[in-house]
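Right, one structure below, let's go through it.
Keep in mind it's a predicted model, so treat the numbers as computed, not measured. Scope of the values below: all heavy atoms of this structure, side chains included, with no hydrogens, waters or symmetry mates.
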Amino acid sequence: QVQLVESGGGLVQSGDSLRLSCAASGGTLSRLTVGWFRQAPGKEREFVAAITWFGGSTSYADSVKGRFTISRDNAKNTVYLQMNRLKPEDTAVYYCAATYSLTDYRSQRRYNYWGQGTQATVSS
């Protein structure tokens, strides 16, 4: 059973950066596609970014493209989400999730494992 733990959230000002980490235990992320999702107050959880285990392909939501970067360090069994030029609308609880699927990884239904989330708050 893979367990995921997010860290790196916090309170920052608009234009600042944060780096979120998703560390895995009980299994290896090297054979899992990992995605980041977020849920803002009063809104549904939405896709942010994903990185596949095969080939390391990445995908981003339009709202974060060019500002966020997802990467993985298989040696550390960790996936990162570098968030630059943050905006108040990026305020949310950020979740990482993992799936064995290489397709349709923008869909939450594809994911087998979820972390508990980390709060990122961006003030204006």
If I take atom [atom1] from residue [X] and atom [atom2] from residue [Y], how far apart are they, to the nearest 0.5 angstrom?
| X | Y | atom1 | atom2 | result |
| --- | --- | --- | --- | --- |
| Leu18 | Met83 | CG | CE | 4.5 Å |
| Thr52 | Tyr105 | OG1 | OH | 6.0 Å |
| Arg72 | Trp53 | CZ | CH2 | 9.5 Å |
| Asp62 | Phe47 | CG | CZ | 10.0 Å |
| Leu11 | Ser123 | CG | OG | 5.5 Å |
| Asn77 | Cys22 | CG | SG | 9.0 Å |

Atom of [X], atom of [Y] and distance for their closest heavy-atom approach:
| X | Y | result |
| --- | --- | --- |
| Leu81 | Ala49 | CD1-CB, 4.1 Å |
| Ser14 | Ser124 | CB-CA, 4.2 Å |
| Leu4 | Ala98 | CD1-N, 3.8 Å |

Does some side-chain heavy atom of [Y] sit less than 4.5 Å from a side-chain heavy atom of [X]?
| X | Y | value |
| --- | --- | --- |
| Val2 | Asn112 | no |
| Gln108 | Trp114 | yes |
| Thr118 | Ser7 | no |
| Leu20 | Tyr80 | no |
| Tyr60 | Arg67 | no |
| Tyr95 | Tyr111 | no |
| Thr121 | Val12 | no |

(message) Under 4.5 Å between side-chain heavy atoms, counting indirect links through other Ile/Leu/Val/Met/Phe/Trp/Tyr residues: same cluster for Leu102 and Leu29 or not?
(response)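 No.
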(request) Start with the C-alpha gap between Thr103 and Arg110, add the side-chain angles, then the distance that decides, and say whether side chain to side chain contact (heavy atoms under 4.5 Å, CB included) holds. (result) CA-CA 9 Å; Thr103 61; Arg110 283 290 188 176; 4.0 Å; yes
(request) Take atom CD of Gln119 as the centre, draw a 6.0 Å sphere, and report whether it contains more than 12 heavy atoms from other residues, nucleotides or ligands. (result)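 Yes, CD of Gln119 has more than 12 neighbouring heavy atoms, counting only those of other groups under 6.0 Å.
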(request) Just grab all the salt bridge (charged side-chain N to carboxylate O under 4.0 Å, His left out) pairs involving residues 1-29, residues at least two apart or on different chains. (result)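 Salt bridge (charged side-chain N to carboxylate O under 4.0 Å, His left out) check on residues 1-29 returns no pairs.
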(request) Apply side-chain hydrogen bond (donor to acceptor under 3.5 Å, both in side chains) to the pair Ser59 and Arg106, showing each step before the final yes or no. (result) CA-CA 8 Å; Ser59 179; Arg106 289 176 173 247; 3.0 Å; yes
(message) Between Asn84 and Ser17, is there a side-chain donor-acceptor contact under 3.5 Å, judged purely by atom types and distance?
(response)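 Indeed, the side chains of Ser17 and Asn84 share at least one donor-acceptor pair under 3.5 Å.
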(message) Pairing donors with acceptors under 3.5 angstrom, does anything connect the side chains of Glu89 and Thr91?
(response)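 Side chains of Glu89 and Thr91: no pair found under 3.5 Å.
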Only distances under 3.5 Å count here; give the side-chain donor-acceptor pairs of residues 32-39 to other protein atoms, sequence neighbours excluded, each with its distance to 0.1 Å.
unit_1 : atom_1 : unit_2 : atom_2 : d
Thr33  : OG1    : Ser101 : O      : 2.8
Arg38  : NE     : Glu46  : OE2    : 2.7
Arg38  : NH1    : Asp90  : OD1    : 2.9
Arg38  : NH1    : Tyr94  : OH     : 3.0
Arg38  : NH2    : Glu46  : OE2    : 3.3
Gln39  : NE2    : Lys43  : O      : 3.1

